[in-house]
Every structure is written in structure tokens, then in C-alpha cells.
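The block underneath contains the structure these notes are about, expressed in C-alpha cells.
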Amino acid sequence: MKITTWNVNSLAARLQHVLDWTAANPVDVLCLQELKLTDDKFPLDELRAAGYEHCAVFGQKTYNGVAVMSRVPVRDAVKNIVGFEDDSSRVLAVTLDTPQGELRLVNGYFVNGQAPGSEKFAYKMAWLGGLNAYLRAEMARHPRLMLVGDFNIAPEDRDSFDPVGLKETIHHTSEEREHFRQLLALGLVDSFRLFEQPEKSYSWWDYRMLGYQKNRGLRIDHILVSEPLKPAVKACAIDRVPRKWPKPSDHAPVTVEI
DNA sequence: ATGACGCATCGAATGCGA
């Protein structure tokens, strides 16, 4: 079973890319972030025609918005972080029934945070604290759990094209990385690092300054799996192909196989 | 140091992303 996370930077602008990519990569489940549309504008019909009959959507006008589109039934959808008040549509949890048993899938569009010291950064820190507490409870109920999405955190220096020049800037701060480690401390594992990977592997590149062409990127899109799932993980990879298409999202899809 | 690119918003200029 293949599960993918992809920040599409507007589903309206990227629908054809999603359709083209899933036609070539018919993954079982695709977790989307930054839909930038309301639920009534979600392209259910097109995705159903592409084989994704089961969609859970948590949209919002202009900003944020997350969805899970799936070939297999999804149930028990929960929106946002239980116990954390949030105006933004950022988290959507669902349960999948797999041959190995049920799997709780938490899809998140983490707060960007703009810059350390800003109000948005404080929001990011509070949000991450709320997420951690929520996941602790979710994992107690669902031992087989996967946390996917756009984390907006480069966990280690090797996840950034310029860890020295960007030291302690957004995505690179000690505080953000500590929050990432606190997620791992819950018993989650970064599935990407379970496997040998190319050096300078990133999942996001700035649109500006030829960021992609120069591979000036960050690895900020992640798939974390709980310990009970870890032995089942067969592969995890970033697909840079759609980042080369005309009018791409600035993020690449990341896929795990279990 | 700044802005650079792309998307969204009622209509131009601005907010936001990362």
C-alpha cells in the first residue's frame, strides 16, 4: 500500500498535476495540503473518476486546507487538533482499514511561522505543542499511526541546502527542531531516513532565484510512522518529477510504501 | 539589504508562503 503527502499550493491551480501524477503513480492514498479552497469547490467528481472514491476534506477560503483522497474507505474523520483552538484548517485525521489492521492517518499542514520572534512563530510553537499532546492521545488509541504532511521544519542540517547561512532562521531554529524531536519522542520514526537516500534530498524549492534548478531546497515534508508500523515500511521516496512540470507546486510529493 | 515567484483576492495592490 502506498501513501503520499503533497502540498499542492492551491488544488484549483494544481488539479491537472494531481490527475497526471496519480495516473502515472496510482498510489492508494494521497494526502493534500494547501488546498486554498472551500469544501464546496473540492473537485470530488474528477478525483472519483481518477479512482479516488473516498475523500475527506477540510478546506478553507484562500489559505490552508487539507484533504485525504483514497482508493480504500476512510472513516472517523476528525478535523484539526482536538484540544487546540485554531481558526485555520490544518489537520485532518482518518482511519484506513488495511489487510494488516486499521491505520490512523494524520494529515497536517503545519504552521509556517514566518520568522523567529514573530507572532506567527509564537503561534507555530503553541500549535506544535497542541499537536504533540493530541498525538500522544491518538497514539494511545491507535498504535498503528502515521503522521504526514508539510511540517515546515527541516529536522537536521542535512535537510537544508544552506544549514550554515540559514542557521536559526525559519524552518531551521532550535525550537522547531526540538518540537520535531518531541514528535519522535512519542515513538514516531522518520520513514525517509529508514532508507539510504540521495544526498541533498529536498521536498521544497523556492520559486524564486532558480531555486529548483540550483537544488536550493529544504526537506520539510515528512512521513512519520509509529513503532508498530516501522517493520512494515518497505520504502520512502521523494518524487521530483512534477516539480519540473510547467507551473508546478513548490513542493514535491513524498510517498511511503507499507 | 532587498527582492526575486506564484497564488489568492472582486477588479490593483497586497498578504502570504518558506
Side-chain angles (χ1 to χ4, degrees), chain A residues 5-21 31-43 57-67 86-91 107-125 127-128 131 148-177 179-180 192 200-222 238 240 242-254:
Chain A
T5 177
W6 195 4
N7 179 326
V8 291
N9 184 19
S10 167
L11 183 56
R14 223 68 61 199
L15 177 60
Q16 196 57 51
H17 279 202
V18 170
L19 296 174
D20 291 347
W21 189 83
C31 300
L32 303 169
Q33 303 92 37
E34 281 210 89
L35 305 178
K36 297 188 177 181
L37 46 73
T38 47
D39 291 9
D40 57 302
K41 301 245 171 47
F42 190 84
V57 186
F58 183 27
Q60 180 187 330
K61 190 182 170 86
T62 309
Y63 301 116
N64 311 310
V66 287
D86 196 351
D87 293 331
S88 305
S89 302
R90 294 185 175 277
V91 179
N107 176 27
Y109 173 48
F110 290 35
V111 176
N112 174 317
Q114 195 177 49
S118 68
E119 243 175 67
K120 288 173 181 173
F121 190 81
Y123 166 45
K124 184 174 195 171
M125 295 299 106
W127 191 93
L128 287 165
L131 179 71
V148 313
D150 174 1
F151 284 51
N152 273 316
I153 301 173
E156 300 176 27
D157 279 356
R158 60 179 165 162
D159 300 312
S160 170
F161 72 96
D162 186 11
V164 176
L166 295 172
K167 192 174 172 62
E168 295 301 333
T169 65
I170 198 65
H171 305 116
H172 301 69
T173 66
S174 306
E175 295 99 315
E176 291 163 286
R177 288 177 169 178
H179 272 291
F180 189 88
F192 189 75
K200 303 183 190 303
S201 282
Y202 308 125
S203 66
W204 170 89
W205 301 261
D206 202 308
Y207 285 122
R208 300 165 292 183
M209 309 281 293
L210 300 173
Y212 180 74
Q213 289 83 342
K214 296 178 176 173
N215 198 28
R216 296 163 63 88
L218 306 175
R219 192 176 72 93
I220 54 177
D221 300 272
H222 306 298
I238 299 168
R240 295 163 55 130
R243 187 62 177 78
K244 302 170 191 167
W245 293 345
K247 291 269 175 191
S249 167
D250 41 1
H251 294 255
V254 185

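Quick note on labels: first sequence line is chain A, next is B, and so on, each numbered from 1. Owing to the predicted nature of the structure, the values given are computational and were not obtained by experimental measurement.
For A:N107, the side-chain hydrogen bond (donor to acceptor under 3.5 Å, both in side chains) criterion is met by A:Q33, not counting sequence neighbours. Listed by chain and residue number, nothing satisfies the salt bridge (charged side-chain N to carboxylate O under 4.0 Å, His left out) test with A:E175 (two or more places apart in sequence, or in another chain). Shown here are the salt bridge (charged side-chain N to carboxylate O under 4.0 Å, His left out) partners of A:D221, two or more places apart in sequence or in another chain: there are none. The salt bridge (charged side-chain N to carboxylate O under 4.0 Å, His left out) search around A:D250 returns none, not counting sequence neighbours. For A:N64, the side-chain contact (heavy atoms from CB on, under 4.5 Å) partners two or more places apart in sequence, or in a different chain, are A:Q60, A:S88, A:R90, A:Y109. Partners of A:Y212 by ring-ring contact (aromatic ring centres under 6.0 Å, His included), not counting sequence neighbours, listed by chain and number: A:W205. Applying the side-chain hydrogen bond (donor to acceptor under 3.5 Å, both in side chains) test to A:T173 and every residue at least two apart in sequence or in another chain returns A:E176. When the ring-ring contact (aromatic ring centres under 6.0 Å, His included) test is applied to A:H172, no partner is found at least two apart in sequence or on another chain.
Of the residues in residues 115-125 of chain A, those with a non-hydrogen atom less than 4.0 angstrom from any atom of DNA chain B are A:K120. A heavy atom closer than 4.0 Å to some atom of DNA chain B occurs in A:L218, A:I220, these being the qualifying members of residues 213-220 of chain A.
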Quick test: give all pairs of protein nitrogen or oxygen and nucleotides 3-7 of chain B nitrogen or oxygen below 3.5 Å, distance rounded to 0.1 Å.
unit_1, atom_1, unit_2, atom_2, d
B:dA4, N7, A:R208, NH1, 3.0
B:dA4, N6, A:R208, NH1, 3.0
B:dC7, OP1, A:R14, NH1, 3.0
B:dC7, OP1, A:R14, NH2, 3.4
B:dC7, OP2, A:K247, NZ, 3.3
B:dC7, O3', A:S10, OG, 3.3

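Listed by first and then second residue, the salt bridge (charged side-chain N to carboxylate O under 4.0 Å, His left out) pairs involving residues 109-123 of chain A amount to none (not counting sequence neighbours).
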